[in-house]
Chemist: 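Below you'll find the structure I mean.
So that the names make sense, note that chain A is the first sequence line, chain B the second, and so on, each numbered from 1. Hydrogens, waters and symmetry mates are skipped; everything else that's a heavy atom, side chains included, is used. None of these values were measured; they are calculated from a predicted model.
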Amino acid sequence: MENPVALLTLKILFLSCIAVGGFIATVPELNRFAVQVQGWMSDGTFATLFALSQASPGPNLIIATLVGWEVAGFAGAVLATAATCLPTLVIAYQAMRLRAHHGRARWFLLVERAILPIAVGLILATAILLTASASGAAPPKLALTALTAVFLLATRRSPLVPLAIAAVLGGAGWV
Amino acid sequence: MRPFHPRALAGGWSRRTMARSRGHGLGEYRKMQHQMPGEAATSAEGVTPLKLFLGFASIGFVGFGGVMPWVRWLVVDRKSWCSAEEFDNLFALASFLPGGNVLGVSVMVGGRLAGRRGSLAAVLGLVAPPAVLVCLMAELYRRHQHLEAVQGMIGALASAAAGLIVAMGLRMVWPMRRSPRALAIVLVVVVAAGLLRLPLVWILLTILPASLLAARLVAR
């Protein structure tokens with residue numbers, strides 16, 4: 001198969017079928033495939049795309065959209081995005097139905113009670129990693145993270161408020 | 001949090017049969033099918049795929065640094081489509097499915113409220129607007145990446161976005177405060193994934209059986 005769009009779509013389809021823990025977990029493999037195996041772009045380009053996908057709004061699977069966009073423009077972006085979503089759409093829908101039917105079964109409640117703390121632990125671990133990588137241990141940035149968290153815990157107002165304040169402070173060079 | 005005492009689940013079991021015997025429409029019956037008994041108390045009535053699409057699209061545009069906390073804010077705090085505990089349970093389930101928690105939880109919330117089309121609408125709303133935006137941003141960034149203000153802004157946004165995740169994690173831990181079993185597992189996972197940075201597969205393979213065993217023992 002020579003068509004890059006088809007190759008990329010199939011690769012992403014496969015990756016998102018095994019991407020337990022989020023699409024972010026497959027990024028190293030996507031990098032290897034696009035840069036080393038297929039030679040579609042340089043390592044630097046991929047790194048820039050990844051940084052952009054992290055800084056942009058939206059779920060982080062958007063990295064696949066950018067890779068598709070880089071490889072084959074509009075068609076590439078659309079197909080790559082669809083390929084990331086399709087497996088989850090099918091699998092999660094079935095899981096939801098399973099939950100609706102067996103949600104009161106003892107084994108299901110047991111599973112639910114077992115996996116909830118693991119999921120919460122993973123969230124807190126992500127919070128630690130993100131805080132560390134975003135702040136680089138700079139006190140003003142750590143304070144920004146802490147104040148945002150406090151704002152969200154103390155109020156029910158839109159998270160956009162602390163983000164907007166942070167953007168203004170950062171743009172002015174105060175943080 | 002109730003899920004730690006499964007037998008406390010009370011009432012509501014006959015809702016499905018009641019809905020049928022009272023002659024509710026098929027659509028309503030379907031909606032109820034996907035809702036777990038005891039997890040009502042939300043404004044999930046009359047949520048259409050269009051409402052789901054618009055709701056999820058609205059956070060797709062603002063979810064800097066990951067949309068996970070935003071999805072919870074939309075679904076639980078803003079629209080009351082799900083109770084906090086149901087959201088946390090769906091979220092935990094989604095974390096173990098391929099494709100990640102955000103996408104998975106959106107599929108489940110959409111599907112629970114409006115069936116198959118609801119799932120599709122939620123995912124489209126979550127993914128399509130940011131996908132368009134990110135391609136535009138890629139072009140914009142190429143032109144302005146040298147500007148200090150842009151870099152400062154993105155750096156500060158990243159720090160604030162980390163705060164969103166911190167808050168979400170703490171909100172999810174709070175209901176577990178009386179369960180030493182759950183807190184111990186949270187702690188082990190935080191250390192393994194956040195400090196030691198072990199690969200996720202290892203963590204799941206070792207901690208999941210341990211957690212199942214612990215849940216089983218506590219249940220007795």
Chemist: Which one wins on heavy-atom pair count under 4.5 Å against chain B: A:A119, A:A166, A:G171, A:A77?
Modeler: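 Option with the greatest count: A:G171.
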Chemist: Does a side-chain heavy-atom distance below 4.5 Å link B:F56 with B:V71?
Modeler: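 Of all side-chain heavy-atom pairs linking B:V71 with B:F56, at least one is under 4.5 Å.
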Chemist: Considering only heavy atoms and a distance below 4.5 Å, find which of B:P129, B:A156, B:A193 pairs most often with chain A.
Modeler: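 The candidate making the most pairs under 4.5 Å is B:A156.
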Chemist: I'd like to check B:D88 versus A:L116 (side-chain heavy atoms, cut-off strictly below 4.5 Å). Are they in contact?
Modeler: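 Yes - at least one pair of side-chain heavy atoms lies under 4.5 Å apart.
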Chemist: Given heavy-atom pairs under 4.5 angstrom as the criterion, report whether the side chain, backbone, both or neither of A:I123 touches chain B.
Modeler: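 Answer is both: backbone and side chain atoms of A:I123 are under 4.5 Å from chain B.
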Chemist: Please determine, among A:T84, A:V120, A:I91, A:T126, the option with the most heavy-atom pairs under 4.5 Å with chain B.
Modeler: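 With the most close heavy-atom pairs to chain B, the winner is A:V120.
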Chemist: Please determine, among A:P162, A:S158, A:A138, the option with the most heavy-atom pairs under 4.5 Å with chain B.
Modeler: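 Most pairs with chain B among the choices: A:S158.
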Chemist: For the candidates B:A122, B:G169, B:G163, which exhibits the highest count of non-hydrogen atom pairs separated by less than 4.5 Å from chain A?
Modeler: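 Between B:A122, B:G169, B:G163, the count favours B:G163.
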Chemist: Heavy-atom cut-off 4.5 Å, strictly under: side chain, backbone, both or neither for A:C85 against chain B?
Modeler: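 For A:C85, backbone and side chain are both near chain B.
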Chemist: Could you look at A:A146 and say if it's the side chain, the backbone, both or neither that has a heavy atom under 4.5 Å from chain B?
Modeler: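 Contact with chain B is absent: no heavy atom of A:A146 under 4.5 Å.
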Chemist: Among B:L126, B:L183, B:L187, B:L133, who wins on heavy-atom pairs under 4.5 Å with chain A?
Modeler: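 Between B:L126, B:L183, B:L187, B:L133, the count favours B:L126.
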Chemist: Tell me, out of A:V168, A:I128, A:L152, A:T131, who's got the most heavy-atom pairs with chain B below 4.5 Å.
Modeler: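 Ranked by contacts with chain B, first place is A:L152.
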Chemist: Which residue out of B:V166, B:V102, B:V134, B:I185 racks up the most heavy-atom pairs below 4.5 Å with chain A?
Modeler: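 That would be B:V134.
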Chemist: Between A:S16 and chain B, which part of the residue has a heavy atom less than 4.5 Å away: side chain, backbone, both or neither?
Modeler: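 Only the backbone of A:S16 comes within 4.5 Å of chain B.
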Chemist: Going by the angle between their ring planes, with limits at 30° and 60°, are B:F91 and B:F87 parallel, tilted or perpendicular?
Modeler: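 Judged by the thresholds at 30° and 60°, the geometry between B:F91 and B:F87 is parallel.
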Chemist: Taking the six-membered ring for Trp and the full ring for Phe, Tyr or His, determine whether the centres of A:F33 and A:W40 are under 6.0 Å apart.
Modeler: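 So the answer is yes for these two rings.
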Chemist: Side chain, backbone, both or neither: which part of A:V150 has a non-hydrogen atom closer than 4.5 Å to chain B?
Modeler: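 Interface part for A:V150: neither.
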Chemist: Over 60° means perpendicular and under 30° means parallel, so tell me whether A:H102 and A:W107 are parallel, tilted or perpendicular.
Modeler: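 Tilted.
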Chemist: Any heavy-atom pair between the side chains of B:W81 and B:L74 that's under 4.5 Å?
Modeler: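 A side-chain contact exists here, since the closest heavy-atom pair is under 4.5 Å.
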Chemist: For chain B, which candidate among A:V78, A:L147, A:T81, A:L66 shows the most heavy-atom pairs at distances under 4.5 Å?
Modeler: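 Of the candidates given, the most pairs with chain B belong to A:L66.
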Chemist: A:T155 versus A:F151: any side-chain heavy-atom pair under 4.5 Å?
Modeler: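 Yes, at least one pair of side-chain atoms sits under 4.5 Å.
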Chemist: Can you check whether A:T145's main-chain N or O pairs, donor with acceptor, with B:S159's side chain at less than 3.5 Å?
Modeler: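 It does not hold such a pair.
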Chemist: Could you check whether any side-chain heavy atom of B:D77 comes within less than 4.5 Å of a side-chain heavy atom of B:R171, counting everything from C-beta outward?
Modeler: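 In contact.
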Chemist: Tell me, do A:Q38 and A:K11 make a side-chain contact under 4.5 Å, heavy atoms counted?
Modeler: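 Heavy-atom side-chain distance check fails, nothing below 4.5 Å.
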Chemist: Is there a side-chain contact (heavy atoms from CB on, under 4.5 Å) between B:V107 and A:V90? Walk through the geometry before answering.
Modeler: CA-CA 9 Å; B:V107 169; A:V90 175; over 6 Å; no
Chemist: Going by the rule side-chain hydrogen bond (donor to acceptor under 3.5 Å, both in side chains), which residues pair with B:S106 if we only count those two or more places apart in sequence or in a different chain?
Modeler: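 B:S106 satisfies side-chain hydrogen bond (donor to acceptor under 3.5 Å, both in side chains) with no other residue.
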Chemist: For the interface with chain A, which of B:C135, B:G152, B:A210, B:A214 has the highest count of heavy-atom pairs at distances below 4.5 Å?
Modeler: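 Top count of heavy-atom pairs under 4.5 Å with chain A: B:C135.
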Chemist: Less than 4.5 Å to any heavy atom of chain B: does that hold for the side chain of A:L122, its backbone, both, or neither?
Modeler: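 Both backbone and side chain.
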Chemist: Let me know if B:V173 has heavy atoms under 4.5 Å from chain A in its side chain, its backbone, both or neither.
Modeler: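 The answer is both parts of B:V173.
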Chemist: What residue, out of B:A184, B:S211, B:G104, has the most heavy-atom pairs lying under 4.5 Å from chain A?
Modeler: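 Most heavy-atom pairs within the cutoff with chain A belong to B:S211.
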Chemist: Would you mind checking which part of A:P59 comes under 4.5 Å of any heavy atom in chain B, side chain (CB onward), backbone (N, CA, C, O), both or neither?
Modeler: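 For A:P59, heavy atoms of backbone and side chain both lie under 4.5 Å from chain B.
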Chemist: Any idea which of A:L129, A:L142, A:I165 has the most non-hydrogen atom pairs under 4.5 angstrom with chain B?
Modeler: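 Looking at each of A:L129, A:L142, A:I165 in turn, A:L129 comes out on top.
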